[in-house]
Trainee: 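Structure incoming, see below.
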Amino acid sequence: MLDHGTLDTGHVNPVDALRHRMRHSAAHIMADAVLKLFPEAKMGIGPPIHDGFYYDFDVSRPFTPEDLERIEELMNETISASHSFLREEISREDAKELFAGQPYKLEIIDGLADEETLTIYRHSDFVDLCQGPHIDNSGDIPAVKLLSVAGAYWRGDERRPMLQRIYGTAFESTEALADHLARLEEAERRDHRVLGRQLGLFSIHDEIGPGLIVWHPKGGRVRTIIEDYWRDLHYRRGYDILYSPHIGRAQLWETSGHLDFYRENMYAPIDVDDQEYFLKPMNCPFHIMVYRSSLRSYRELPLRYAELGTVYRYERSGVLHGLMRVRGFTQDDAHIFCRPDQVVSEVDGVLDLTFELLKDFGFTDYSISLSTRPEKAVGDPELWDHATASLRQALEGRNLSFDMDEGGGAFYGPKIDIHITDALGRSWQCTTVQFDFNLPERFDLVYQDSEGGRSRPYMVHRAILGSVERFMGILIEHYAGAFPLWLAPVQAVVIPIADRHIEYAEVVKTGLAEAGFRVEVDGRSERMNLKIRNAQMQKVPYMLVVGDREQEDSAVSVRHREEGDLGGMALEALVERLNGELARK
RNA sequence: GCCCCGGUGGCGCAACGGAAGCGCAGUCGAUUUGUAAUCGACAGGUUAGGGGUUCGACUCCCCUCUGGGGCUCCA
C-alpha cells in the first residue's frame, strides 16, 4: 500500500537557531503592523517555519499585494526603531483579560495545560502570547520580505474559519535574503510544468481531465529510457516482472480491505454484466494473486514481483499539481514474499538497488527515516518487532544514518522512507520500503515450510521511484530540463550550414544512429545561428555543425550544450566521447 | 472540498462597458548562411462553457468547468 508521497519541506535544512528566532520576531513585527492597519483583525498564530514565517489573521477582506507593501513598510519602521523584545510571565486570568478581544488567542489559552507557564512577548506597544524565544531587539532583523498571501484554516481544520495567512521571510543579511529569493526564482525557472511544455515532454488537457497526463514523443522517449533502465536493473537484481489489469472485481478489493479503508481514494465502480469492478488504486492484490496461483515452497522464496503498475486514485482537485500530484500514475511497485530468515538480506537488497538507481539519476544526498508501530495496528507485535529490527539492521549494516519516526508506520507494518535532495536542495520522498502484516493475513498467504507445515510469508512492498510521473517531474526540475546524455530524448542535432550539406548531415546522422545514438538533422532553410539557438533552448546535449570543411574531412564540428564550441572532430572520436560520457551516466 | 487570484489564436501577453491587438510558434516566398534569433507576406480567436444586466459585455452579476497559490511547520 504505497503512497506516492509529497514534497516534504520539513527536511530541507536544519533550521538555524538565529534565523528561527529572527523570523519568529519578524512574525510579531508583522502582526504589529497588520493590527495598526487593520485594527479589527483577529490574530491566529504566527510561527517561524523552515524558510521564513507566517501569521494568520481573521480579517473582513483578504490582503492585497498593496496591503503587503504597506505592512512591509511599517515593519521596516519598527525594525529601524530598535524596540526591545521583552518576555513576561503572566497568569491565566491576566492573559485572558489582555487578549479579551482576540478569540483565537483565548482558544489557545484555554487549550494549554494548567501547569504550563504562560508567557507574553512585548515590543513597542505590541504584545503577543508566545513562548519565544525572540531576538533581543527589533533592530536585529537585517533583511525581511513578505512573500505571499493565502487562505488557511484555523488550526488546519476545514470545518473551522478560514484565516488569511501572510508568508514572509527574514535573513541575517540582505545577501542571504537575496540568495534565498534567487533560489525561489531558480525553482520557478525550473518548473517542470513550464519545461514540460517547452521541451515537448507532456501535457494535460481539459478534454481528458485534470490530473491525467499525456506524454509527447520526447517525454515518451525519456520515459521509455527510464523504464528500460528500470526493467534491466530489476531483472539483474533477481526480480520477476508482472503485468496486471487496470480493473478488478469488487470482491478482490473487499478481501484486500481497500473498499473498507481506501474507498475515498477510489473511483466509482464500473458495471460489467451486473458485476462491480473497480479501477485499481494499488497493485498489491494482483501480485498476491500471482503468489497464490500455486502452492509455494520455502525453496522458491524469496519471490520478488515487480511491475510498472498504473494506478488511479482520487485526489482532491485542490491538490493536483503538474506531474507531482496526479490522478493516474505508474508506480514502480514490487512485492517481496520471503521467509523470516530472508528478511534482513531482502531489505538490504532493496537498499542496495535503491542507491544504485538514485545515483544513476544524479541523486547523492538522502535523508532516511524508519517508522515504527502506530497505536492502531494490525499484526502480531512479535512480527512488528522482528520486521522493525530487520529494517534497522539493514540500515545500520550499511552505516546509514536515519531518523526514527516512532509510531509513524502504516497500520499494517513498519517502513523505511528515503528522501532525496535535488539540485536546489529541496527534499522529495520517493523510495519507501514497507512491511505488510495485513494482506498476507487477509489473503491467507502461506508456503510449505521445511518442516512440512504451512507458514505465512513476510510481505514487503517497495517502490524506488515512487511514481514514474512524479519522478520525472523531479528529474526535470533537478536537471532544469537539461537531461544528461543517457536520458536526453535527442542526444545530438546535426546542423547543416547550407542546403548542400544536408546530404552529408544525413550520413552523420545514420552513422551515429547505427552506433546507438538518438540524433536528428535540422534541415530547415534557416541560418546556422538559429538552429543552434533552437537546439540550445531544447537543451540538446550536442550540436554537430557540418559545412564544407567537415564534409571534406568526414568530420563534425562539435558544440556542447554547456561547454560550447569544442572544434572539429572525426566521427569516430565523437562516438568515443559520447560512449565515454554514457559509461559515467 | 474550502479561501483568494486567474482562464483572450498552439504558447506568452494587451484591450475604460463603445471596431479583439502584439510577440513567439505556424504556412508561403526570398535568402544558402561558420557557433544563441535573416527578411517579407499570409493565415490563425463564437474572448473556457452556460445564463443574466445593458442600446451595447473580453470587461459587470450568477452558475459550471478548469489553472495557480495555499489550507499538516502550531502560544
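First the proteins, then the strands, lettered A, B, ... as listed; each starts at 1.
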Trainee: How far, in whole Å, is B:rC61 from B:rG26 if one measures between their C1' atoms?
Mentor: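 B:rG26 and B:rC61 have their C1' atoms separated by 39 Å.
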Trainee: Send over the distance from A:Phe63 CZ to B:rG69 C1', rounded to a whole Å.
Mentor: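 That distance rounds to 16 Å.
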Trainee: Measuring only the C1' atom in each nucleotide, how far is B:rU66 from B:rU27? A whole number of Å is fine.
Mentor: 31 Å
Trainee: Under a 3.5 Å cut-off on both pairing distances, which runs of 3 or more consecutive Watson-Crick or G-U pairs involve RNA chain B?
Mentor: B:1-7 with B:65-71, B:10-13 with B:21-24, B:26-30 with B:38-42, B:48-52 with B:60-64
Trainee: Can you list every pair that meets side-chain hydrogen bond (donor to acceptor under 3.5 Å, both in side chains) and has a residue in residues 563-577 of chain A, with sequence neighbours left out?
Mentor: A:Tyr542-A:Arg577, A:Glu563-A:Arg577
Trainee: Closest to the A:Arg165 side chain: B:rC73, B:rG69, B:rG1?
Mentor: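 Closest of the options to the side chain of A:Arg165: B:rC73.
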Trainee: C1' atom, B:rG10 versus B:rA43: distance in rounded Å?
Mentor: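 About 13 Å, rounded to a whole number of Å.
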Trainee: Keeping the roles fixed (side chain from A:Arg470, backbone from A:Arg325), state whether a donor-acceptor pair exists under 3.5 Å.
Mentor: no
Trainee: Which protein N or O atoms sit under 3.5 Å from an N or O of nucleotides 37-41 of chain B?
Mentor:
unit_1: B:rA37; atom_1: N9; unit_2: A:Arg533; atom_2: NE; d: 3.3
unit_1: B:rA37; atom_1: N7; unit_2: A:Arg533; atom_2: NE; d: 3.3
unit_1: B:rA37; atom_1: N7; unit_2: A:Arg533; atom_2: NH1; d: 3.0
unit_1: B:rA37; atom_1: N7; unit_2: A:Arg533; atom_2: NH2; d: 3.3
unit_1: B:rA37; atom_1: N6; unit_2: A:Arg533; atom_2: NH2; d: 2.5
unit_1: B:rA37; atom_1: N1; unit_2: A:Arg533; atom_2: NH2; d: 3.0
unit_1: B:rU38; atom_1: OP2; unit_2: A:Arg527; atom_2: NH1; d: 3.4
unit_1: B:rU38; atom_1: O4'; unit_2: A:Arg527; atom_2: NH1; d: 3.2
unit_1: B:rU38; atom_1: O4; unit_2: A:Glu526; atom_2: OE1; d: 3.1

Trainee: Should A:Tyr167 be listed as having a side-chain N or O under 4.0 Å from OP1 or OP2 of B:rC71?
Mentor: yes
Trainee: Please identify each residue that fulfils side chain to side chain contact (heavy atoms under 4.5 Å, CB included) with A:Gln198, with sequence neighbours left out.
Mentor: A:Val194, A:Leu195
Trainee: Which whole-number value in Å describes the distance from A:Asp522 CG to B:rU33 C1'?
Mentor: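 After rounding, the gap between these two atoms is 13 Å.
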Trainee: Under 4.0 Å, heavy atoms only, any strand: does A:His321 hit a base, just the sugar-phosphate, or nothing?
Mentor: sugar-phosphate
Trainee: Holding to salt bridge (Lys or Arg N to Asp or Glu O under 4.0 Å), I want the full list of residues that pass it with A:Lys105, two or more places apart in sequence or in another chain.
Mentor: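 Salt bridge (Lys or Arg N to Asp or Glu O under 4.0 Å) list for A:Lys105, sorted by chain: A:Asp128.
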Trainee: Would you indicate what A:Ile495 reaches in the nucleic acid, counting non-hydrogen atoms under 4.0 angstrom: base, sugar-phosphate, or nothing?
Mentor: nothing
Trainee: Go nucleotide by nucleotide along RNA chain B from the 5' end; which of A:Gln164 and A:Val545 gets its closest nucleotide reached first?
Mentor: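 Nearest nucleotide further toward 5': that of A:Gln164.
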Trainee: Atom CD1 of A:Ile49 and atom P of B:rG70: how far apart are they, to the nearest Å?
Mentor: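 Rounded to the whole Å, the gap is 10 Å.
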Trainee: Sequence neighbours left out, what passes salt bridge (Lys or Arg N to Asp or Glu O under 4.0 Å) with A:Arg21? Give chain and number order.
Mentor: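 Scan of A:Arg21 (salt bridge (Lys or Arg N to Asp or Glu O under 4.0 Å), adjacent residues dropped) gives none.
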Trainee: Roughly, in whole Å, what's the span from CE in A:Met162 to P in B:rC5?
Mentor: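 Value for this atom pair: 13 Å.
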Trainee: Looking at every strand, decide which applies to A:Asp128 at a 4.0 Å heavy-atom threshold: base, sugar-phosphate, or nothing.
Mentor: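 Since no nucleic acid heavy atom lies under 4.0 Å of A:Asp128, the category is nothing.
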Trainee: Please determine, for the side chain of A:Ala152, which listed nucleotide (B:rC74, B:rG26, B:rC71) has the closest atom?
Mentor: B:rC71
Trainee: How far does the C1' atom of B:rC73 sit from the matching atom of B:rG68, given to the nearest Å?
Mentor: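 Comparing C1' positions in B:rC73 and B:rG68 gives a spacing of 22 Å.
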Trainee: Within the side chain of A:Arg23, is there an N or O that forms a donor-acceptor pair under 3.5 Å with the backbone of A:Thr169?
Mentor: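 No, A:Arg23 side chain to A:Thr169 backbone: no donor-acceptor pair under 3.5 Å.
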Trainee: When all nucleic acid strands are considered with a 4.0 Å heavy-atom cut-off, which category describes A:Gly156: base, sugar-phosphate, or nothing?
Mentor: sugar-phosphate
Trainee: Answer with base, sugar-phosphate or nothing: what part of the nucleic acid does A:Ile109 contact at a heavy-atom distance below 4.0 Å?
Mentor: nothing
Trainee: Find the distance A:Arg23:CZ to B:rC73:P and express it as a whole number of Å.
Mentor: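 Atom CZ in A:Arg23 sits about 16 Å away from atom P in B:rC73.
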Trainee: A:His50 has a side chain; which of B:rC73, B:rG69, B:rC2 sits nearest to it?
Mentor: B:rC73
Trainee: Quick one: side chains of residues 160-167 of chain A, donor-acceptor pairs under 3.5 Å with protein atoms, not counting sequence neighbours, listed by atom name and distance.
Mentor:
unit_1: A:Arg160; atom_1: NH1; unit_2: A:Glu107; atom_2: OE2; d: 3.3
unit_1: A:Arg160; atom_1: NH2; unit_2: A:Glu107; atom_2: OE1; d: 2.9
unit_1: A:Arg160; atom_1: NH2; unit_2: A:Glu107; atom_2: OE2; d: 3.4
unit_1: A:Arg165; atom_1: NE; unit_2: A:Asp56; atom_2: OD1; d: 2.7
unit_1: A:Arg165; atom_1: NH1; unit_2: A:Tyr167; atom_2: OH; d: 3.2
unit_1: A:Arg165; atom_1: NH2; unit_2: A:Asp56; atom_2: OD2; d: 3.0

Trainee: Go through the structure and list residues passing salt bridge (Lys or Arg N to Asp or Glu O under 4.0 Å) with A:Arg561, not counting sequence neighbours.
Mentor: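 In terms of salt bridge (Lys or Arg N to Asp or Glu O under 4.0 Å), with neighbours along the sequence ignored, A:Arg561 is linked to no residue.
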Trainee: Could you measure the distance from the CG atom of A:Leu199 to the CZ atom of A:Phe483? Nearest 0.5 Å is fine.
Mentor: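 These two atoms lie 7.0 Å from each other.
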Trainee: Atom OH of A:Tyr54 to atom P of B:rC3: distance rounded to whole Å?
Mentor: 20 Å
Trainee: Using the P atom on both, measure B:rG49 against B:rU72 and round to a whole Å.
Mentor: 35 Å
Trainee: Give the residues of residues 203-210 of chain A touching RNA chain B, defined as any heavy atom closer than 4.0 Å, sorted by residue number.
Mentor: A:Asp206, A:Pro210
Trainee: Among residues two or more places apart or on two chains, list those pairs meeting salt bridge (Lys or Arg N to Asp or Glu O under 4.0 Å) that have a residue in residues 84-98 of chain A.
Mentor: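 Qualifying pairs: A:Arg87-A:Glu89, A:Glu88-A:Arg122, A:Lys96-A:Asp110.
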Trainee: Figure out the CZ/P separation between A:Arg524 and B:rA30, and round it to whole Å.
Mentor: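 To the nearest whole Å, that distance equals 18 Å.
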Trainee: Tell me whether the side-chain N or O atoms of A:Tyr314 pair up with the base of B:rG1 as donor and acceptor below 3.5 Å, since no angle test is needed here.
Mentor: no
Trainee: Pick the P atom in B:rC13 and in B:rG7, then give their distance to the nearest Å.
Mentor: 10 Å
Trainee: Do A:Glu477 and A:His192 meet the criterion of a side-chain donor-acceptor pair at a distance under 3.5 Å?
Mentor: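 Yes.
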Trainee: Base, sugar-phosphate, or nothing for A:Arg500, non-hydrogen atoms under 4.0 angstrom?
Mentor: sugar-phosphate
Trainee: Show every donor-acceptor pair shorter than 3.5 Å between a side-chain atom in residues 205-221 of chain A and any protein atom, with sequence neighbours excluded, or say none if there are none.
Mentor:
unit_1: A:His205; atom_1: NE2; unit_2: A:Ser203; atom_2: OG; d: 2.6
unit_1: A:His216; atom_1: NE2; unit_2: A:Ser203; atom_2: OG; d: 2.6

Trainee: If you look at every strand shown and take non-hydrogen atoms under 4.0 Å, does A:Lys105 touch a base, only sugar-phosphate, or nothing?
Mentor: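 Sugar-phosphate only.
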Trainee: Contact class for A:Arg160 (heavy atom, under 4.0 Å): base, sugar-phosphate, or nothing?
Mentor: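 Here A:Arg160 touches no strand at all.
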Trainee: Round to a whole Å and report the spacing from CZ of A:Arg189 to C1' of B:rG12.
Mentor: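 Between C1' of B:rG12 and CZ of A:Arg189: 18 Å.
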Trainee: Applying salt bridge (Lys or Arg N to Asp or Glu O under 4.0 Å), which residue pairs with at least one partner in residues 496-508 of chain A are found, sequence neighbours left out?
Mentor: A:Arg500-A:Asp548
Trainee: Taking atom C1' in both B:rG17 and B:rC60, compute the distance separating them and give it to the nearest angstrom.
Mentor: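 Per the computed distance, 8 Å lies between those C1' atoms.
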Trainee: With a 4.0 Å cut-off on heavy atoms, is A:Val127 in touch with a base, just the backbone sugar-phosphate, or nothing at all?
Mentor: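 Since no nucleic acid heavy atom lies under 4.0 Å of A:Val127, the category is nothing.
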Trainee: Side-chain contact, heavy-atom cut-off 4.5 Å: A:Ile497 with A:Val545?
Mentor: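 Heavy-atom side-chain distance check passes, below 4.5 Å.
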Trainee: Base of B:rG1, side chain of A:Glu315 - is there a donor-acceptor contact under 3.5 Å?
Mentor: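 Donor-acceptor pair under 3.5 Å: no.
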Trainee: Is A:Arg561 side chain donor-acceptor paired with the B:rA36 base, going by distance under 3.5 Å alone?
Mentor: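 Result: no qualifying N/O pair found.
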